[in-house]
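As a basis for the values below, the full set of heavy atoms in this structure was taken, side chains included, without hydrogen atoms, waters or symmetry mates. Numbers here simply count residues along the sequence, with the first being 1.
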Amino acid sequence: MKFDALGNQVEISDDGSLTVTTKGGAVYKIDKDGKPTIDLKTLKGISIGNLIDVVDYQITRVAGIISHFVRFVDNGVLEFAYNTNGKLVSMSMERLEIAISVDNYVTVSKHKHPDT
């Protein structure tokens with residue numbers, strides 16, 4: 001099933017997975033088990049919703065990759081890495097909320113309901 005939601009294209013597959021393509025072209029998928037993925041080629045940057053929710057932030061530089069590890073209150077985790085050209089090469093998160101702007105910037109925030 002395909003439909004439009006607030007200008008975004010939404011597709012629900014027969015297996016229960018969901019694909020949302022934003023107005024800006026970012027592609028966000030949730031598989032049948034609830035695991036989210038984002039097409040990194042379309043993203044322009046990552047920001048943190050509220051720095052007060054960050055309890056640990058580590059940066060590691062190895063072989064031309066700058067990796068970021070961010071732990072939030074309630075044990076949410078964000079990991080992402082850029083190459084030396086500034087291209088996002090990986091991103092993963094657990095127990096966090098994500099918002100993608102119409103111009104393809106990602107904001108990651110503490111999960112508002114950590115028990116779910």
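The backbone N or O of Asp33 sits less than 3.5 Å from a side-chain atom of Asp31, completing a donor-acceptor pair. A donor-acceptor contact shorter than 3.5 Å is absent between the side chain of Asn50 and the backbone of Asp53.
Residues passing the side chain to side chain donor-acceptor pair (under 3.5 Å) test with Asp56, sequence neighbours excluded: Gln58. Applying the side-chain contact (heavy atoms from CB on, under 4.5 Å) criterion to Ala5, with sequence neighbours excluded, gives Phe3, Val10. With sequence neighbours excluded, the residues satisfying side-chain contact (heavy atoms from CB on, under 4.5 Å) with Ser90 are Ala81. Applying the side chain to side chain donor-acceptor pair (under 3.5 Å) rule to Asp14 yields no partners; only residues at least two apart in sequence or on another chain are considered. Legend: residues meeting salt bridge (Lys or Arg N to Asp or Glu O under 4.0 Å) with Lys41, ordered by chain and number and at least two apart, are Asp39. Remark: Asn75 engages Arg71, Arg95 in a side-chain contact (heavy atoms from CB on, under 4.5 Å) (not counting sequence neighbours). Under the rule for a side chain to side chain donor-acceptor pair (under 3.5 Å), the partners of Ser101 that lie at least two apart in sequence or sit in another chain are Asp103. The side chain to side chain donor-acceptor pair (under 3.5 Å) test applied to Glu79 returns no partner, not counting sequence neighbours.
Every pair tested for ring pair (Phe, Tyr, Trp, His ring centres under 6.0 Å) that includes a residue from residues 35-54 fails, sequence neighbours excluded, so the list is empty. Sorted by first and then second residue, the ring pair (Phe, Tyr, Trp, His ring centres under 6.0 Å) pairs with a member in residues 9-58 read Tyr57-His68; sequence neighbours excluded.
With Ile98 as the fixed residue, the side-chain contact (heavy atoms from CB on, under 4.5 Å) test singles out one of Thr107, Leu78, Val106: Val106.
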Please determine whether side-chain contact (heavy atoms from CB on, under 4.5 Å) holds for the pair Val77 and Val70, giving the CA-CA distance in whole Å, both sets of side-chain angles, and the decisive distance to 0.1 Å.
CA-CA 6 Å; Val77 173; Val70 186; over 6 Å; no
Test side-chain contact (heavy atoms from CB on, under 4.5 Å) applied to Val108 and Ile48, step by step:
CA-CA 5 Å; Val108 179; Ile48 295 172; 5.5 Å; no
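Within 6.0 Å of CD1 in Ile52 there are 12 or fewer heavy atoms belonging to other residues, nucleotides or ligands.
How far CD of Glu97 is from CZ of Phe72: 11.0 Å, rounded to the nearest 0.5 Å.
Taken together through direct or relayed side-chain contacts under 4.5 Å among Ile, Leu, Val, Met, Phe, Trp and Tyr, Ile30 and Met1 form part of one hydrophobic cluster. There is no path of hydrophobic side-chain contacts, each under 4.5 Å, that joins Ile100 to Leu6.
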Let me check something: any side-chain donor-acceptor pairs from residues 17-25 under 3.5 Å, sequence neighbours excluded? List them with distances.
{"unit_1": "Ser17", "atom_1": "OG", "unit_2": "Ser13", "atom_2": "OG", "d": "3.4"}
{"unit_1": "Ser17", "atom_1": "OG", "unit_2": "Asp15", "atom_2": "OD1", "d": "2.7"}
{"unit_1": "Thr22", "atom_1": "OG1", "unit_2": "Gly24", "atom_2": "N", "d": "3.4"}
{"unit_1": "Thr22", "atom_1": "OG1", "unit_2": "Gly25", "atom_2": "N", "d": "3.4"}
{"unit_1": "Thr22", "atom_1": "OG1", "unit_2": "Ala26", "atom_2": "N", "d": "3.0"}

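Listed by chain and number, the hydrophobic cluster partners of Val55 are Val73, where partners are ILVMFWY side chains within reach of under 4.5 Å, directly or through others.
Looking at Leu88 and Phe80, their side chains come closer than 4.5 Å, going by heavy atoms from C-beta outward.
Taking every heavy atom of both residues into account, Ile46 and Tyr82 meet most closely at N-OH, 3.7 Å. The shortest non-hydrogen separation linking Leu96 to Met93 is O-CE, 3.3 Å.
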